[in-house]
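The structure displayed is predicted, hence computed values, not measured ones. Within every chain, numbering begins at 1; the chains are lettered A, B, ... in the order of the sequence lines, protein sequences first and strands thereafter.
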Protein chains: 2
Amino acid sequence: MEEKEISQAVISRLPRYFRYLSELRDAGIERVSSQELSDIMKVTASQIRQDFNNFGGFGQQGYGYNVEFLYHEIGKILGLDRTHHLIIIGAGNLGQALANYVNFERRGFLFRGLFDNNPKLYGKKIRGIEVQPMENMEVFVKENNIDIAVLTIPKAEAVTVAEQLVEYGIKGIWNFAHVDLNVPENIQVENVHLSDSLMKLSYNISRFEIDSAK
Amino acid sequence: MEEKEISQAVISRLPRYFRYLSELRDAGIERVSSQELSDIMKVTASQIRQDFNNFGGFGQQGYGYNVEFLYHEIGKILGLDRTHHLIIIGAGNLGQALANYVNFERRGFLFRGLFDNNPKLYGKKIRGIEVQPMENMEVFVKENNIDIAVLTIPKAEAVTVAEQLVEYGIKGIWNFAHVDLNVPENIQVENVHLSDSLMKLSYNISRFEIDSAK
DNA sequence: AAAATAATGTCAATGAATTGACAGAGTCTT
DNA sequence: AAGACTCTGTCAATTCATTGACATTATTTT
């Protein structure tokens, strides 16, 4: 079983394929060709075939791809066939918003715990789950088989807390703190730097105005 | 004035440079070489020089870069020297969380309005700003010189609302709805697809486990 | 059942992004 | 003020990603 490393460029496109396939599926469509997908998604058919082929042949010549099958295969590749247990560290506005976001459960991401170091929040319930002090994290992570931690705390604390979580045995961190975490290679980090994203938007707005002034 | 198109790959890195420069600046550091930045940021010195050079020479041979100057230049490139007026459409948990996020103001992104179509929310105040019905959007956008709309509404509505906003004269959309918007070329869209991000994390966790089992 | 059609999987070509190398400009030391 | 040193800006080389082309295999039609 030869394994070639798959680039993050490809991985980044998978969720989008997954989303479109889910829509086709809901619409009751059974088969789809790379050309059809290409038209809908506005990417080249070649790229679609190339991307899918990284994981082996999901299609059939002369037929195309079976929507249901492809949908499930991509789901499996993305690890959506298994259940993840996640905790949220930081029960501020963003932490609470994420805790309330029910859709993640549909994909197997189960919200299990919510932590903060503000005593005023202790005991407050979100979707049935109480805010706990951060001292409880260690025991909670170990006893509840938590694999993902969502960091929605200020950057000053984020680096230290991340290191602790790694010690407790977490496997991945979804990082909303505006700082680069310092964790071992074997721990996966996915950053959501909202202000970076907003700055990119700002750049593109400015650039467009400059360009069109010419 | 020759203008070469700058790739989004470069743009995506600018906010991170900006962040590190801001930290160096706060630490009172006056100058920095591409090699030093390289060590701190874990990217190649060559890339740093290449990136900065897209916008003209900010450094000096034998000296390096002046932190303060570089910080401001990058800020200008990102359009942070001007003020943006933004409204948030969708006063649910995420919309409220973003509305409460004060740090954006520091960078010139001023939160001006909050809209929803749930009457129960009308009049609710966040940071002094009342939730308004979405029918008010058109007049509000035009009268208040709004250039950025933040979409935190369900995907079913997002596409239509985005089209309306474009008509009203918005220049950029920060899209948190899990759908691809359909807007003209001259309107900038920056997507924040949280579930895509979570799926990527999931993939990387799964992949690492598979890899290390070998 | 054969011919025509459709569409994948894959190889090759192109294009984009990153890295490496170094000449030359500027700084620092003595 | 001269020489040693530093570090950028930039060109070239390399690596990575995307696109194009097509042989092959399956499907559909007649």
Between dT27(C) (C1') and R31(B) (CZ): distance, integer Å: 8 Å

Integer-rounded Å distance: dA17(D) C1' and D51(A) CG: 10 Å

For atom CD of Q35(B) and atom P of dG20(C), their distance in whole Å: 11 Å

Separation of dG9(D) C1' from F58(B) CZ (nearest whole Å): 13 Å

Minimum-distance nucleotide to A9(A) side chain [options: dT18(D), dG26(C), dT27(C)]: dT18(D)

Sugar-phosphate only, base, or nothing, as touched by T44(A) at under 4.0 Å among non-hydrogen atoms: sugar-phosphate

Which atom of V67(A) lies closest to which atom of R25(A), heavy atoms considered: CG1-N, 3.8 Å

Phosphate OP1/OP2 of dT8(D): any S34(B) side-chain N/O under 4.0 Å: yes

Q47(A) side chain, from C-beta outward: closest of dC22(D), dG9(D), dT19(D): dT19(D)

Below 4.0 Å: OP1/OP2 of dA17(C) and any side-chain N or O of S7(B): yes

Pairwise distance CG(L165(A)) to CD1(I187(A)) - rounded to 0.5 angstrom: 9.5 Å

Interatomic distance, D39(A) CG vs dA7(C) P [rounded to whole Å]: 11 Å

Test item: side-chain donor near acceptor, N100(B) and Q96(B), under 3.5 Å: no

Contact under 4.0 Å: Q60(B) side-chain N or O vs dT27(C) OP1/OP2: yes

Identified ring-ring contact (aromatic ring centres under 6.0 Å, His included) partner of F52(A) from the options Y71(A), Y65(A), F18(A): Y65(A)

Nearest-nucleotide 5' precedence on DNA chain D, R13(A) against Y63(A): R13(A)

Closest to the R49(B) side chain, choosing from dC22(C), dA23(D), dC28(C): dC22(C)

Nearest-nucleotide 5' precedence on DNA chain D, N53(B) against Q50(A): N53(B)

Nearest-angstrom distance from the residue atom CZ of F52(A) to C1' of dG9(C): 13 Å

Nucleotide dT27(C), atom P - distance to CG of N66(B) in whole Å: 12 Å

Nearest listed nucleotide, side chain of S46(B), among dT8(D), dT8(C), dA21(C): dA21(C)

Touch class at under 4.0 angstrom, heavy-atom based, for Y65(A) against every strand present: sugar-phosphate

Flag for N145(B)-H85(B): side-chain donor and acceptor within less than 3.5 Å: no

Nearest-Å distance for atom pair CE/P, residues M41(B) and dT19(C): 13 Å

